[in-house]
Structures are given as C-alpha cells and as structure tokens.
Q: 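Let me begin by handing over the structure; questions about it come next.
Residue numbers start from 1 in every chain, and the chains themselves are labelled A, B, ... in the order their sequence lines are given, proteins ahead of strands. These numbers come from the heavy atoms of this one structure, side chains and all, not from hydrogens, waters or symmetry mates.
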Amino acid sequence: MNRDQLQTLSFEELKELAMEEGVALIRPLDKDTLIEQLIELYSEDEDEAENNPAMIIKEKTFDLTKADQNTSAEMNQVWELPERYNETKVMLLLRDPNWAFAYWDIKDADIELYRDNPLFKGLFLRAYRFSDSSSKQHAEYFDIPVKLQDMSWYINLPEQGMNYFVELRVRFQSEERVLCTSNTISSPLERIHEGMDQDAFRNSGNDYLLLSGLYGFGDSSSLVQDSKKIISLLDNQYPNAGA
Amino acid sequence: MLHAHLPFVRHPEYESFLEENWLFEAISETYLPLLRVFQKLKNEGVQFRLTMSFSPTLACMLSDELLQRRYIGYLERHVELAEKEVARTKDDPDFSPLARMYRDLYAENLKDFSDTYRRNILWGYRALEKEGYLDIITTAATHGFLPLFIQYPRDIEAQIQTAIISHGRIFGERPTGFWLPECGYAPGIEDFLKKNNLRYTFCAAHAILFSEDQSPYGVYAPLTSPNGVSFFARDIPASQAVWSGEDGYPGDPVYRDFYRDIGYDLPLEYVSPYIEQGNIRVNTGFKYYAITGKTEKKRPYSIEAAKKKVEEHTDNFIYNRMKQVCRVSKLIDRPPIIVTPFDAELFGHWWFEGPLWIESLIRKICADPDGLQMVTPRDYLDVFPTNPVGRPSFSSWGNNGYSNVWLDGANDWVYRHLHKAIERMEELVERFPDEKGLKGRALNQAAREVLLSQASDWEFIIKTGTSSQFAIQTVKEHLSSFNIIYENLCRNTVNTEWLTNIEKRHNIFPDIDYRVFRSQQSRK
C-alpha cells in the first residue's frame, strides 16, 4: 500500500492494519504517525524482497514488460469466487516462528442470530499455547477481540517452540460459547538449539556456524544468540562471500 | 543442482497469449543453451554429474504440441527481427556483432528445436540422463508451497504422486529425489516423500542450523530424517556468489544488461510486429548494452570482454570453494559436500552469460583430479549411505526464511478457497469412489483444477505485483472451474460440452486419476 491508499483509510482501519502487520503502536496515536509507521514497514518488506536473491531471480523470470501492464489479464471471462462458504470453521496457518494467520467463517444463520440477540457482546479468538510436554487441556491462552464482519487475523505468537491452536468464541452477557476450533500448529525455535553440545560434536559455536556456511563476517560468536541476524545473513547471503 | 520450473500457462482460446512467453523466453535463453552446453561437454568427453529437476508443469508444457507449435512461431518472428537488426546495425561496429550473435542464437534455437529435438527438448535431457550425465528429479505436481497445505495430507500425497506419475510418463524413470518447492519444509513432509520411495530432497541452510538435532557436519553432509529421507542443505557462500544480482557474478558491469531492450529503445513502428498486440512494449530479448554500473549511460556490450570475465568468475568460484573445503575439512571427518541449487532460469535469461559460466565451471572442475568433484545427491548417498539423523526445522528459501512470501497481506485470501477446494475434492472422492466415463472425466478434471490452483507462483506474483492481475485471474479460473464441476456433480449432472472444452484447455496430467485424493484408509 502506498501513502495515498493509506490516506483513504479511517483512523480505526489504520489501527487495525497496524495491529495486523505487527507494528508497535507508539502513543499518543494519530493518523499521520500510523501512516508513517506502515510506510516504513512496507518499505522494509520491499528491501527484503530486493535483498533475497532467490526471490529476485523469480521476479525476473516473470518480467515481460517494464510496467505491470497485465495485458493478458483482460481475458474473455472474469472469474469471481464466493467471498465465503457459509460454514463455521477456523483455520490456523504458520507464517513464521512469530506469526500465524487465522481465517474463519461463520454460518449466515448464526451471524444473524448473534446480530439480533441483545445479549450478544461480541466475537473473539482465544489463542492457546502449549508445549510438547504439556497437554492441550492445560494450555495457556490469550484473547483477541474480532468483529462480526472480520474473517481473518494475523496473530503474534508470544513464544517460539510452542504449539498453538485457536477457538472462535462468541460472548453473550452471561456466557461464552465455542463456535469452532482450529487445527494445531507448531512454531519452531528460530535459533541454534541450546542442546548444541560442544563436547558431543567437538565443534564450538563458531565452528557450528562455519559448518552452516556462515563465515567471513567477523566475530560469529554473537550470532549464536542472534537468530534475526542469522536469518538476515541467510536472506542477503552476505555480500562478500563469493569474493 | 538446477531447478527448472514454470507454472502451467496455456491458452488455446487466444491467438497469442503474453504470459506464454515465460516459457518461450526460458526455452530460448535457458533450456536450449544449457542443453547445448551439456552436449558440447559430453562430446568433448567431459564426465560431469549434475542434478536437474523439471517441474511437472514445465515438463507437460514442453511436451505440449500447441505450445511447441507456438514456440516455433515465436522463434520465426525472432529470426525475422534478427535479420532486420543485422541490416539496421550493419554500419555500427559496436552493435553489428551483437545483432549477428542474436541472429545466430535464434537460428540455432530454431534448428535445434525443430530438427535436433523434433520440438521436444526433454528428449535431449532424457538422453543425457540415460548416458549418466544428469540425475533428473521431480517436484510437487504444480509446485505448491507444501507447508501451507500440511493440514491436508491427501493433497500433499496428490501433489507428490501426480508428480511421480507425470515424471515417469515423460522421462521413463521413477525419480529418486524431490525438489521441495521454494525449499519449503514443514515437519512431516518427509513421511510423504518416504511413502513414495523418494530418497532425498533439498532444504534451506537454516532448516539444519535451527534443527533440534545438530549435525556434526552442519550443511556439509545431509541430515537424514528418522524415516531415512536425506535432506541436502543449500550452501550459502556458494549460492551467494552466483545468486546475488549486485554482489554476485551476474551483476558484473561487463555482463549484458537485462533491462535495456530494443522493445523499449527503438521506435514503436519498428518493433510493433514483435511486441504484444503491436503496441505494448515488451522485452524482445535483443539487448545491446553492458550493465556498466548505476548509470543510464550504458556501454555497448562486448562478447569478448564478457567471455573473459566468465573465466575469471569460474576461477574465483573454484578458488573460494577450495578455500571453503580446506576450512571446513578441519572440522569434519569426511569430504564436505557443497550443495548449490539454483533456479535454472537464472542461467541465460537474467544472467545471459550463465550457461557459459556453467560450461567453463564444469570443464575446469572435471579437468582437475585433485580439486573439486562434481557429485549428485544420489552419488553422495551411494558413497556415504549413513548420515546424521535428525529432523530439519520449518523453513523455506523465501524472504525471512519461512512462509512470508506465500502468506502475506496481498495473497492470504487465496488459502480459504484453496483449502475449501481440497475439502470438496476429498468429499467428491468419498461420494464417487469408482467412477468412469463422463463422471470419471469430470472428477479427473476436478483433480487437475485443484492442483493447478496451488502453484506457489501465483501467490508469489500476487505479492510482488508483477502480472498480479493475471495471477489472480488464473487462481480464480482454476478454482471456479473446480467449483463448477463440484456443483454439477452434486446435482448429479455433467455439462459435456463445457467439460470437453476445459479438458482441452487445461490438458495437464493426461493420466491423472482423481482417486489420488483418496485417503489411505479408503484405499485399503
């Protein structure tokens, strides 16, 4: 989204977008600040795309024209899909170790029922997390309020190396009800495992990085604790490696 | 390892279709030049070994008569343009040799495609495999990004089984290895590979680096999952040297510039017969300038200077890999394997000199018995059948290393529909377990449409904005076609005329059996 497109959104819509994108909301919140933060985020995304060689090659493969002219998209027939499928269901997809994407649907009849019910207080997602060694029944959880018209949400996963699932729940004045439960996903640990044993493998942390092809950029010991930097190096595949 | 893939684009309902040029450009600039390089090396007696994966979508398109015929037309137009270019530049000492180079290239392509390979270049690759130069493997049937379908085991099974059957039909062999689309791995995928007798696959470096089961060899030996499937991790320094546009070899100022093309540079009336609909400027493939640097004033491209640079770059690549081997060998008790997978389309299409670089690299490696040795994963596993056991970590080779490219604010809407189509396909298989005749045809087409809608390319293109409307329409077309079949079958009807039409258009996987979506339980 560019600045003009963002300007057309209301403050509430921008706030929601910022939360969906995982932007840290700096208070006091105002529309201009939100727009600046989102633009910064989108330009970071673009930088990432520019830096990842595998993705750059892929883009070039599909470059036929300089501009996105979509010449062939003017097909004889324009295809449209139903917006939804009138079913009550929630699905959870793992995006990366810190974010998941949930999409859901609620049957029309139920939506009407809630909308017309004076005791209806709202919908929310209850996100559960549990470790491999604990059970689903003892999972911790946190709630994310959503609107009746919402159909998807990006969920920040508070801890890596855990299992997650969500329930779509409806809240009435004096009770809550589970509408549906998602599949379970497992967030990986985005770091070198603490179990890495120098004695067992003879290799130091630095050696292990070297054995992962990460060398040639100074002190590598800090990388053992800095997974973001490792990912960034993998993404950019550090510039001087070939030289 | 070279991974050759393009999504299925075939539109017989149009006289010409711009996105079919993805295939035509790749044949002209990558697949034919690479084939010539391999043939040349073979004829010189160079005993090289290389793994190539051909995606089933690409292999089906390369075997398709309509696309073969259209490619001939594409080449004939290029030969005609080349002749005009030779005449136009005859007095220009810089551009004249380049115009002749393009004329020779397209004429050679036309001759090789029509005469040598009788329109199917896969015969050339298949022969090289039979003669022991190539290991040809497969990938998911339509190149779906598997981690985002892991909740649907029958779908992953269908992607893999359909790929293996298609591969067998086209290459006459059962593949031993599998390319995970986008190196996308999620725990559990190895079970599907094992079930289909696939011995090895490839993954991102951090799949091993962040694994709970550290390997004493890091990425310099495969990690074998507990069920016996070996994961070969991409080596970062070797990849970087070649992949990176700015810092890698392809970005050298001497090499040919990808962006300056006569499709944009010359007057419209001159290029009109060779561009889209006569008035939409597109790349023609005729490019006369060197990268030069970050300037608009580009220098004319010099073939000789580029050839010299190719030699420097192969020397540099080998030198650095040898250094890498020395450094790593101190830490491990067996020779390290440096896994270097690339999209094949990098070589020749974007990096014009790429095929020359591969030729020079292979020749130099094979000429030095004390230096590097070319091996395929299959060769490696024959020598080192026992490897550290462990499970890779969730990963891909996309931005940020996970699913971020294929699950993004721009493309996340597709999954609701893709998943629904899988659920409905599974429902159809249960309801119609043993259909033949017209209903069987409808069900087979339904299976084709479900798989076609899942190509990772569509999400990628929707995110990156290149031809995004085309990608959106393509996904919608496959899903809508599936929905029409589903709804018809729910009413116990089949529209024969419509079905015949869609079978002709989306004619991929002629031998597909919709029961590939049947659950293991139902099969027993």
Q: Over 60° means perpendicular and under 30° means parallel, so tell me whether A:Phe165 and A:Phe130 are parallel, tilted or perpendicular.
A: perpendicular
Q: Considering only heavy atoms, which portion of A:Glu80 lies under 4.5 Å from any heavy atom of chain B: side chain, backbone, both, or neither?
A: both
Q: Measure from NZ or CZ of B:Arg321 to the centre of the six-membered ring of B:Phe317 and say whether it is under 6.0 Å with the direction within 45° of the ring axis.
A: yes
Q: Given that the side chain runs from C-beta out, which part of B:Leu6 has a heavy atom under 4.5 Å from chain A: side chain, backbone, both or neither?
A: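 Only the side chain of B:Leu6 comes within 4.5 Å of chain A.
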Q: Who among B:Ser211, B:Ser481, B:Ala186, B:Pro187 has the most heavy-atom pairs with chain A under 4.5 Å?
A: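 Sorted descending by pairs with chain A, the first entry is B:Ser211.
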Q: Which answer fits B:Glu423, side chain, backbone, both or neither, if we ask what part of it has an atom under 4.5 Å from a heavy atom of chain A?
A: side chain
Q: List the residues meeting side chain to side chain contact (heavy atoms under 4.5 Å, CB included) with A:Asn183, not counting sequence neighbours, and say none if there are none.
A: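 By the side chain to side chain contact (heavy atoms under 4.5 Å, CB included) rule, A:Asn183 matches A:Met91, A:Leu92, A:Ile185, B:Gln151.
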Q: Using 30° and 60° as the class limits, which term best fits the ring planes of B:Phe347 and B:Trp351: parallel, tilted or perpendicular?
A: tilted
Q: Would you mind checking which part of A:Leu189 comes under 4.5 Å of any heavy atom in chain B, side chain (CB onward), backbone (N, CA, C, O), both or neither?
A: backbone
Q: Could you look at B:Val475 and say if it's the side chain, the backbone, both or neither that has a heavy atom under 4.5 Å from chain A?
A: neither
Q: Contact part of B:Pro336 toward chain A, heavy-atom cut-off under 4.5 Å: side chain, backbone, both or neither?
A: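 For B:Pro336, there is no contact with chain A at all, as no heavy atom is under 4.5 Å.
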Q: Regarding B:Thr284 and B:Asp261, is there a side-chain donor-to-acceptor distance under 3.5 Å anywhere?
A: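 Per modelled atom types, B:Thr284 and B:Asp261 side chains form a pair under 3.5 Å.
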Q: Test the A:Lys136-A:Tyr128 pair against the cation-pi criterion, namely NZ or CZ under 6.0 angstrom from the six-membered ring centroid and within 45° of the ring axis.
A: no
Q: A:Tyr85 versus chain B, heavy atoms under 4.5 Å apart: side chain, backbone, both or neither?
A: side chain
Q: Against chain A, work out which of B:Phe394, B:Phe342, B:Trp406 has the most heavy-atom pairs shorter than 4.5 Å and name it.
A: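 Ranked by heavy-atom pairs under 4.5 Å with chain A, first place is B:Phe394.
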Q: For the rings on B:His478 and B:His417, is their centre-to-centre separation under 6.0 Å?
A: no
Q: Return the option, out of B:Glu182, B:Glu29, B:Glu345, with the maximum number of heavy-atom pairs under 4.5 Å with chain A.
A: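 Greatest number of close heavy-atom pairs with chain A: B:Glu182.
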Q: What part of B:Ser393 lies closer than 4.5 angstrom to a heavy atom of chain A: side chain, backbone, both or neither?
A: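 It is the side chain, since no backbone atom gets that close.
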Q: Between B:Trp397 and B:Tyr402 (judged by ring centroids, cut-off 6.0 Å), do the two rings come close enough to count as a pair?
A: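 Centroid distance B:Trp397-B:Tyr402: not below 6.0 Å, so no.
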Q: Name the member of B:His349, B:Glu25, B:Lys330, B:Glu212 that forms the most heavy-atom pairs with chain A at distances under 4.5 Å.
A: B:Glu212
Q: Cation over ring, B:Lys463 on B:Trp413, under 6.0 Å and within 45°?
A: no
Q: B:Asp457, B:Leu346, B:Asn404, B:Ile461: which one forms the most heavy-atom pairs within less than 4.5 Å of chain A?
A: B:Asn404
